[in-house]
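Start at 1 with the first residue, then count along the sequence. Heavy atoms only: backbone and side chains are in, while hydrogens, waters and symmetry mates are out. Every number for a ligand or one of its atoms is a count from 1 in the order of the listing. The structure displayed is predicted, hence computed values, not measured ones.
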Amino acid sequence: MRSKITVVGAGFVGSTLVQRLAERDYADIVMYDIVPNMPQGKALDLLQAGPVLGYDSLVTGTNDYADTADSDIVVITSGFPRKPGMSRDDLLKKNQEIVSQVTEQIVRYSPNTIIIVVTNPLDAMAHVALHVSGFPRERVIGMAGVLDTARFRTFIAQEVGASVRDVQAYVLGGHGDTMVPLSRLCTVAGLPISQLIAAERIEEIVQRTRDGGAEIVKLLGNGSAYFAPSASVLQMIDSILLDKKQIVPCAVHLEGEYGLNHLFVGVPAQLGSKGIEKIIEIELTDSERAALQKSASAVQELVDVLGIHN
Ligand code: A3D
């Protein structure tokens with residue numbers, strides 16, 4: 001039987017993700033949105049690309065959660081995107097309500113699914129999904145680190161004129177201004193970037209990475225990034241569905257790892273058919289640890305506003 005993936009929210013990130021998934025040709029996909037008819041229209045359009053591109057993925061659009069039943073993976077992209085001048089924090093309460101409602105319905109129809117959260121503010125919304133679902137932490141994962149790391153890798157590759165494939169990096173911490181790009185461990189074909197790029201320039205690239213989402217929001221004028229975010233979710237789904245056991249940075253509910261407790265923070269995790277199969281603890285320097293702690297505190301502030309205690 002083919003795998004089944006549900007994408008909740010048929011907006012920019014959701015529909016671009018469904019397109020990428022359909023083209024993978026390894027699962028049937030259900031696209032849910034509250035807007036009547038819109039997901040059905042997008043699904044039909046994507047279905048009709050199948051004969052041209054050669055995929056058989058069945059893409060269904062719906063406004064009825066019953067159609068999402070028995071999904072192997074559910075991705076939550078529903079919510080309000082960040083507008084210019086709006087901080088991720090502004091979105092908090094609005095999106096908490098949406099993510100709570102969506103999670104209740106997902107759990108009702110797919111009690112064994114793996115949830116990937118994309119809605120911002122990311123770490124806090126992953127917390128909401130974990131809390132409302134009552135799932136073990138292995139089955140609720142936030143997407144942010146793959147994207148933040150991709151941004152860092154893009155800028156490093158451009159700086160040294162290398163292939164993005166040769167650039168390895170990790171960005172840890174919450175998905176926000178306090179994220180922690182680990183420049184010490186960033187390499188180009190195995191060479192530490194400290195041997196290739198001046199320290200001040202690395203700092204500038206780190207800052208541009210931190211502001212990566214805002215830079216695009218400003219340019220677009222309306223809405224936020226979706227090509228790279230959807231590609232980042234796809235990488236996580238690939239690893240889960242194909243049991244590739246890739247180690248990628250993602251938001252995980254930490255229970256003591258990195259000295260942090262009961263909080264979603266971006267760390268490297270191994271993704272396989274069971275969801276999060278292992279959390280990788282990188283040995284950090286004192287300053288990196290302090291930066292991660294600062295980032296975790298920023299996430300904690302949001303979680304405190306949510307009023308969730310677990
Ligand atoms: P957008 O194009 O507005 O799509 C959101 C969709 O959600 C719309 O089609 C809405 O109709 C739908 N929606 C609203 N409420 C509900 C509901 N209750 N049930 C089902 N669907 C609903 O936004 P987008 O696709 O650009 O972004 C979606 C979310 O992802 C936003 O919260 C973004 O901030 C977030 N995002 C996160 C990242 C990360 O790296 C974490 C990157 C990009 C976007």
message: Closer than 4.0 Å to some heavy atom of Val13 - which atoms of ligand 1 meet that?
response: 24 (P), 25 (O), 26 (O), 27 (O), 43 (C), 44 (C)
query: Which atoms of ligand 1 sit under 4.0 Å from any heavy atom of Leu122?
result: 41 (C)
Part of Ala225 within contact of ligand 1 (heavy atoms, under 4.0 Å): backbone
query: Do side-chain atoms of Ser57 reach the backbone of Asp28 as a donor and acceptor pair under 3.5 angstrom?
result: no
query: Just by distance, with hydrogens left out, do Arg151 and Thr209 show a side-chain donor and acceptor under 3.5 Å apart?
result: no
Enumerated ligand 1 atoms positioned under 4.0 Å from heavy atoms of Met38: 9 (O)
field: N/O separation below 3.5 Å, Tyr65 to ligand 1
entry: no
- request: Enumerate the atoms of ligand 1 whose separation from the nearest heavy atom of Val35 is less than 4.0 angstrom.
  value: 11 (O)
query: Under 4.0 Å from ligand 1, counting heavy atoms only, is it the side chain of Leu147, its backbone, both or neither?
result: side chain
For His175, atoms of ligand 1 separated by under 4.0 Å from a heavy atom: 39 (C), 40 (O), 41 (C)
field: Donor-acceptor contact below 3.5 Å, side chain Lys4 vs main chain Val30
entry: no
query: What part of Tyr226 sits under 4.0 Å from ligand 1 if we count only heavy atoms: the side chain, the backbone, both or neither?
result: neither
query: If you measure every N/O of Asp33 against every N/O of ligand 1, is any gap under 3.5 Å?
result: yes
message: I'd like to know if Gly223 contacts ligand 1, where contact means a heavy-atom distance under 4.0 Å to any ligand atom.
response: no
Short side-chain to backbone donor-acceptor contact, Ser224 and Val217, under 3.5 Å: no
field: Modelled atom types, side-chain donor and acceptor of Thr68 and Thr6, under 3.5 Å
entry: no
- prompt: Does Asp70 offer a backbone N or O that forms a donor-acceptor pair with the side chain of Ser110 under 3.5 Å?
  reply: yes
- request: For Pro229, counting its heavy atoms only, list the atoms of ligand 1 lying under 4.0 Å from any of them.
  value: 42 (C), 43 (C)
- prompt: Out of Phe227, Phe12, Tyr32, who gets a non-hydrogen atom closest to atom 26 (O) of ligand 1?
  reply: Phe12
message: Can you confirm whether the side chains of Glu23 and Gln19 place a donor and an acceptor under 3.5 Å from each other?
response: yes
- prompt: Side chain of Asp123, backbone of Val299: donor and acceptor closer than 3.5 Å?
  reply: no
message: Show the atoms of ligand 1 that are less than 4.0 angstrom away from any heavy atom in Ile98.
response: 15 (N), 16 (C), 17 (C), 18 (N)
query: Strictly by modelled atom types, are Tyr26 and Asp238 linked by a side-chain donor-acceptor pair under 3.5 Å?
result: yes
